[in-house]
Amino acid sequence: MTVVPYAQLRERTRQRDCSLHEKVISLEEAANIVNDGDHVAVGGCTVSRTPIAMIWALVRARKQGLTLSRSITSNEGDIAYVSGISDHIMTSWFSQGIVWGISKMMRAYTETGRARFEEWSHMAMGLRYRAGAMGVPFMPMRAMMGSDIVGLVDNAQEMECPFTGERLLLVPALNPDVALIHVQRCDRYGNAQIDGLQFMDLDIAMAANKVILTTERIVSNEQIRRAPDHTKIPFFAVEAVVEAPYGCAPHECYGTYEPFFEHMDMYAQISATKGEEGVKEYLDEFYYGPKNWTEYLERVGLQEMLDATRRGRSVYDD
Amino acid sequence: MTVVPYAQLRERTRQRDCSLHEKVISLEEAANIVNDGDHVAVGGCTVSRTPIAMIWALVRARKQGLTLSRSITSNEGDIAYVSGISDHIMTSWFSQGIVWGISKMMRAYTETGRARFEEWSHMAMGLRYRAGAMGVPFMPMRAMMGSDIVGLVDNAQEMECPFTGERLLLVPALNPDVALIHVQRCDRYGNAQIDGLQFMDLDIAMAANKVILTTERIVSNEQIRRAPDHTKIPFFAVEAVVEAPYGCAPHECYGTYEPFFEHMDMYAQISATKGEEGVKEYLDEFYYGPKNWTEYLERVGLQEMLDATRRGRSVYDD
Amino acid sequence: MTTDLANRSTDNSPTQRDYTASQLLAVSASRVLEEGQIVFAGIGITLLAATLAQRTHAPGLTILFEGGVIGPFIVPGELPPSTNEQRCTRRANMLVPITDVLLLLQRGYVDIGFMGGAQIDRYGNLNSSFIGDPENPKTRLPGTGGGNDIASLSEIIVAMKHQKRRFVEKVDFVTSPGFLSGGSSRADSGLPFGGVKKVVTDLAILGFDEKTRQMRVDALQPGVTAEEVQDNTAFDLIVPEGVKVAPPPTEKELAILSDLDPERLYTA
Amino acid sequence: MTTDLANRSTDNSPTQRDYTASQLLAVSASRVLEEGQIVFAGIGITLLAATLAQRTHAPGLTILFEGGVIGPFIVPGELPPSTNEQRCTRRANMLVPITDVLLLLQRGYVDIGFMGGAQIDRYGNLNSSFIGDPENPKTRLPGTGGGNDIASLSEIIVAMKHQKRRFVEKVDFVTSPGFLSGGSSRADSGLPFGGVKKVVTDLAILGFDEKTRQMRVDALQPGVTAEEVQDNTAFDLIVPEGVKVAPPPTEKELAILSDLDPERLYTA
């Protein structure tokens, strides 16, 4: 993944419609925004605020050749490999989550060379998005030097600081073609407010060429304006808004629902015991099978949803 | 002002007491934290959230040789020159405010060579603080090239991007010895919450070696923790907390009070018509004369205070 | 802080029509703006121009303020006195740190920046730093603020009063780059994007020759001759044959300006 | 995500005392921490260690979580299962983006980072990326997360189970730098600060020789001999003459751990 030249970055932005206009569409329509071969940045971190509904839509739309990037990748990375939408994931850590052990799918695909897991340090991922958000081709940093990680990544350069003579590593900007970000609320224009943990989503949104927002709910522009210092993503960075309640299920959405742990345990069990075939059955049942997102949630189950919601809201109980 | 070498930056931070401890002191005690010759960064912008109470304390403590830096400098810059605490101000724009015309004191001191106004572009100031906050010696940027500004600043370097071949300007990090920041509320440990416009204060706080917070009020740590995503400055960056109600008067503090326009008009009038002598009289009356901060506010006047407060709170009336 | 102190056009229009010079500047500048653009506004005339455009031909236009404000809307009669006070945040969509609002320029999100200046030259370079020798200036001006960033990274519209002492052969100091020494010199200096789109004055609307990047009269303000424009300019302007006259402000435009600034604080 | 998956010490202590190996690790690690430090914690044992230190000798110690959490406090019985879920924000002082919490390392605010790893070598280098040849690995591990950043920029405490297959002559891949090839090689590689302060295992507390940067036994865990430590290590350890035995966990320490983790989810 090479750095997008500045002329191309500017031209892409110039071609977009940045006017204040309504942009609410369906999950299916939003999937059309993503082209085969795109670099797609995934918001959230591990099992938190993962844009599962949009990934679900990309899998159903049978996208191909996507490069995915993310702060830390959980089992949506498994889904991406096994469904065939991606064979290249750039991230700092990749497995379902510490409590579930090493991802069997990540191992199965990367150890056989069927897919690539390009490993960067967590801060490097963050600074690459930040450089992209700032419109510069790199960020200087002081980690990753001396390790073996730097030898396996696509592109990073050491330099001597012209001010201090110190050694620095320059990590190249990431400007994803599309960013998928799930938020607690936004308006019909795409002004998004994110509660609690922000992860790398602000930088990802500003770095990307197009942002697809999924949101627990769409609120009025007046509500957004009552707390403008809580708005985290400006409308003009956003290409599409999709209302997708429980759009992170079975992952968590801060203050709204915690992870659906039984479902996550079930997935871990399937992938560990039945391997790739098990995950394909999981995809049939939960990704390809449901008529729509609501039916997906029905299959995940109301009891789990209520339980995750009770736990999720508890952060505001104190 | 040269870049602080990384070894020195780390050592300074290491020497500080970053434990969670109470650090409430008086304005006078806080002035002792600032040493003659220090680089002091001033929070806020123009007439907004200016840490006037701390500047007042530095003037009364007869500090000398300070280098001040700020996003945009208003008449606190006049005060700094005329009181003798500083003869070097780094900033992007320097005058009381557009509606009051060009600062007579800025002109009087800089045109005669008695003081320096080192001009950087506004974004360059911001990126210099940001580099300092991130612990790197520079930030790359794409402005200021081609202009005459770059020829008059202390230190900026062009480079060819190793990834894209593009021309970039590297602006050197600022790591102020002390930052003065005024906030709406913080706790006794220094966890600060800032409402509304943030200006460059977050980066300044993280870039500085020591932060002196003045605050409209001190709240409980429990209140801070009820909205941890509203905390903007972490306690461990803070050296001292001073409760200074109306600590920006006659400037504004977002949501609390607007500028004291009559007082600002009066100052502009004095400096325009009576020149340096007029400002010295102003200093005698408002800076050296009052017994304490409350008496300063009394001299500014209750009627103005009530009026500024009514206007200030109106931002939450809608 | 991109509007220059010295640029207060508060006197009457030389044409003695039913509008002031300030109203004329606001209307002319607003007409250059297009639907959907993102615009860095200063205070006063430039903010009026952006808001007027929103209320006429560009309802989806977005205003940015340098203090860190995205998408504010102006409440009639309550124009903010600067770009970084709480009044700027009225009905805003988002507040961000100053550095981040300026980085929108670098990221390519800003279509137009409004600028003023004490001096402008034939290549659109602006000076708001020094009158006279910068080493020993006659007048130290307040400086660039975000002006250099805006002029370096986006297209700009300069709105200023047309006077010979302001339209100079060569600015004493390049605070905000226009086309530098013309031709490709701007891009060659590391500034491949942006440049001066229009200079809007009380006498004319001016553009720049695509090749040489020298200032050119694109249209005359109503009642103004090409000679008057040249007489008030210290360098030779390109004046195309048959240069047009800009349509005068309409009643609707003037009514909107009156609604926005009923006390004529900025349009007197 | 700095605690390695493979590093789940849930079996019993080899010494068969009134505490488990996990409790021993937590207690030993907590004792290395000092009052006032700012500590990057993982989940499980390392979080217990940091919280135990707060409740014994270091009440002013601050915990950071990689998910973007500053100064959370642990509610007994509610240890978070990862460092980037909402449970990590319980009673926190501040939430920040991930990149900014990691930048605290670079800015020099972090005194100690807790690390694990699948392998460690004599110079304290850690591997959490590949077992076998990285080009054709036997096992692809989950990777660095923030581990490389923490190990590059702060002092670290490694807490792991002491096994010969983990304490290897040379790690298959340097995910997180220790002292690299010893001597000044770490600083020479652009990493002038940090390094491995201690390696805490169920068999010993280990440090590094100040000159050669080779691993050294600083203290034996109670009931463990130097031979046992060497037998479970694939390289030659420096064992000073008369090496001491660490004091066993106190009743108070164990009581606090039981209070924090009553169901023994992390200290079984």
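Residue numbering restarts at 1 for every chain, and letters A, B, ... go by the order of the sequence lines. Quantities reported herein were computed from a predicted structural model and do not represent experimental measurements.
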So, taking the atom named [atom1] in [X] and the one named [atom2] in [Y], what distance separates them when rounded to the nearest 0.5 Å?
| X | Y | atom1 | atom2 | result |
| --- | --- | --- | --- | --- |
| T83(C) | I72(B) | OG1 | CD1 | 6.0 Å |
| M123(B) | Q106(C) | CE | CD | 4.0 Å |
| S92(B) | L102(C) | OG | CG | 8.5 Å |
| Y254(B) | L95(C) | OH | CG | 5.5 Å |

Backbone N or O of [Y] within a donor-acceptor pair of the [X] side chain at under 3.5 Å?
| X | Y | result |
| --- | --- | --- |
| S48(B) | N84(C) | yes |
| Q198(B) | I98(C) | no |
| R142(B) | P192(C) | no |
| N148(C) | S121(B) | no |
| E111(B) | P137(C) | no |
| R140(C) | A108(B) | no |
| E252(B) | Q86(C) | yes |

Quick check on [X] against chain B: is it the side chain, the backbone, both or neither that has a heavy atom closer than 4.5 Å?
| X | answer |
| --- | --- |
| D188(C) | backbone |
| R186(C) | neither |
| L103(C) | both |
| S185(C) | neither |
| F130(C) | side chain |

Please rank V69(C), D149(C), V171(C) by heavy-atom pairs under 4.5 Å with chain B and give me the top one. D149(C)

In terms of heavy-atom pairs under 4.5 Å with chain B, the winner among R87(C), E135(C), R90(C) is R87(C)

If you count the non-hydrogen atoms of other residues, nucleotides and ligands that lie under 6.0 Å from CD in E118(B), is the total more than 12? yes

Quick one: closest heavy-atom pair of G143(C) and F117(B), and the distance? CA-CZ, 4.4 Å

Can you find a pair of side-chain heavy atoms, one from W93(B) and one from P142(C), that are under 4.5 Å apart? yes

Between E166(B), R167(B), M141(B), R49(B), who has the most heavy-atom pairs with chain C when the cutoff is under 4.5 Å? R167(B)

Heavy atoms only, distances under 4.5 angstrom: which of T110(B), V315(B), L197(B), D203(B) has the most pairs with chain C? Name it, please. L197(B)

Under a 3.5 Å threshold, yes or no: a donor from one side chain and an acceptor from the other, between Y129(B) and T99(C)? no

Compute whether any side-chain donor of one residue and acceptor of the other, for S129(C) and E119(B), lie under 3.5 angstrom apart. yes

Atom group of M144(B) that falls short of 4.5 Å from chain C, counting heavy atoms: both

